[in-house]
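Below is one structure; the comments refer to it alone.
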Amino acid sequence: MNAKKSPLSATVDIEAMLTRMAEELQGLLKRKPCMVGIHTGGVWVATRLHQRLGLKEPLGTLDISFYRDDFTRIGMNPQVEASHLPVNIDNRHVILVDDVLHTGRTIRAALNEIFDYGRPASVTLAALIVRDGRELPIEAQVVGTHMKLKKNQHVKLAGPDKLELKIQEVDE
Amino acid sequence: MTGDLQFDAQGRLRHFLTIEGLSRQTILEILDTAESFMTVGQRAIKKVPLLRGKTVVNLFFESSTRTRTTFEIAAKRLSADVINITPGISSTTKGETLLDTVQSLTAMHTDLFVVRHSLSGAAHLIAGHVPPHVHIINAGDGAHAHPTQAMLDVFTIRRYKKSFENLRVAIVGDILNSRVARSLIHALSILGVPEVRVIAPQTLMPTAIEKLGVHPYNDMHGGLEGADVVMMLRLQRERMRGALIPSEQEYFNLYGLTPDKLKAAKKDAIVMHPGPMNRGLEIDSTVADGPQSVILAQITNGIAVRMAIMALIMGGRKESAARKRRA
C-alpha cells in the first residue's frame, strides 16, 4: 500500500470555513444546543466551533470504535479514546461535528452511540469537508466545503494546533 | 505448556491462556483498551455493540462467584449472549468429558469459552481441540495460571501508581498453591517492574521461586519494607489439610496484614486482594476496609479488563498490527 501526500493548504482556507460554519450554526443557539465532536479530527473542528459560538457547557467527545460496523473484519483500534459526554443529552439539541463526511458509516456509529447515552431532541450534523462516496442516507446540515475526489483519494485533517487538509492517494 | 497456542498462524492473539509469551506491547494494548472500556459501566445504557450476536459460554468446573460474574457482565456489556454452565465433575472421566462437553457446545455454534478448571492445562487442552473460529479464555486452571486476574491486577497497579518503573511489589501468602501469584509475577516481569517480592512461610514457598526473578522473604516486616504495592493472597483453607501452617491464629499473627504490619510499606502503598477474603486470617478488616485498600476497585476494573480481552481476541485484525503482538 503506497500513500502519496500532498498539502491542500493553498486552495482552502480552513479558518474562513469555520467562521462560515459558526455563522450558520448561530440560528440554533436559541435552542441551547450542546456540541459533540467525533475523535480525532471532529474534536479539533468542534473545539473551534464551540469557541466561536461561545457555548458555555463543555464539549462532548465520542470515540466510535466500539460501534464500528467493521469490527469482525479489522478488529479493535488499539488507540481508543474514551467517549465523554459531560452533559445529559436527553431532550437536548445536539450539534454533532466531524471533520470529513464520506461514506456516512462513522455518523451512523456516532448516532447509535449517542442514543446509548440518552434521547436527544434533535441532532444536527456539521462537517468541515463533505465529499462524495456516501453509502448510507446521511447528509450534513452545516458544511465547510464540498469536495469531489477520486475513489482512491482520501482527505485527512491534520492538527490539532494548526489545522491542515491533506489528500492521500492510496493504491491497493 | 507455553503460550504458543494463543496465537494463530498470522500471530494474532486468538485465545487468552497464559501471560507467558505475551509481549509488553500486547499487555499494554490490553490495558489501554480496558481503560477506554471503563466509561461504559457509567453510562445510562451500559452496553456497546461489539459482540452482538456472539455466544459466550462460561464453563466453570470449579466454583467461583466473582470471576464468573465479572466475565458474564463483561460479555453482556459487549452485547454478547451468555450461557453459564457448571458441570459436575466425575473424577474418573475428567479428560474425556471435558472435551466432549466442549464439542457438544461447539456444535451449538458458540463463539467463546471462558474456562475454569481445577486441573492445570485444562484451557490449553480445549484450545488445542476447537475449530479456528472458537476462542478460549483461561479463567483459572489448577495452580497454573489465572491470566485475566493478573491483567486486572496490573491494570489496577497502573491506575494508582501510573507507571511500572521503580515499583516494589510484595505478594504475600500461599505462593505455593496460587495461580494468581504465578500469573502476576509473569505480568510484572514482562512490564519491567524492578522488584517483586514474595512473602510466605517456608512451607508455602515454592522451591526455586528465585528463578522467576522474585525475592523470597519469610518475614512480613522485611518483605513489606518500602513496598509500593501489597498483594495479599487468599489462604486456601481447602488445601491446608497437611501441616502447612501451624494454626490459623498463628498464621494471622505472623502473616495476617494488620495496620501495624502495613506500616513497614510506603505510606502511599496500595493493598490488593484477589478475593474472596478471609478476614482475620490473611487480612485484618481495618486494612481491608481502610484507605489504602483498592480491593473493590480491582473488581470494578476486572470488568473493563475482561471486556478488553474478549474484544481483542474476537475482533478481526489487520495483519500489520498483528505481527507486533508476539513476544
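Only heavy atoms go into these numbers, but all of them, side chains included; no hydrogens, no water, no symmetry mates. Residue numbering restarts at 1 for every chain, and letters A, B, ... go by the order of the sequence lines.
The local environment of NZ in A:Lys156 is sparse, with at most 12 non-hydrogen atoms from other residues, nucleotides or ligands closer than 6.0 Å. Taking a 6.0 Å sphere around CG of A:Asn152, one finds it holds more than 12 heavy atoms contributed by other residues, nucleotides or ligands. Residue-environment remark: NZ (A:Lys32) stays at or below the threshold of 12 foreign heavy atoms within 6.0 Å.
When heavy atoms are compared at a cutoff of 4.5 Å, A:Ser83 approaches chain B by way of both its backbone and its side chain.
To the nearest 0.5 Å, atom CG of residue B:Leu50 and atom CZ of residue A:Phe66 are 6.5 Å apart. Separation of atoms CG (A:Asp116) and NZ (B:Lys46) is listed at 11.5 Å; rounding is to 0.5 Å. Remark: B:Arg43 CZ to A:Glu113 CD distance equals 4.5 Å, nearest 0.5 Å.
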> Where do A:Tyr117 and B:Ile45 land on the side-chain contact (heavy atoms from CB on, under 4.5 Å) test, with the steps shown first?
Replying inline: CA-CA 6 Å; A:Tyr117 281 92; B:Ile45 295 179; over 6 Å; no

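With sequence neighbours excluded, no residue forms a salt bridge (charged side-chain N to carboxylate O under 4.0 Å, His left out) with A:Asp90. Every residue meeting the salt bridge (charged side-chain N to carboxylate O under 4.0 Å, His left out) condition with A:Arg134, not counting sequence neighbours, appears here in chain and number order: A:Glu139.
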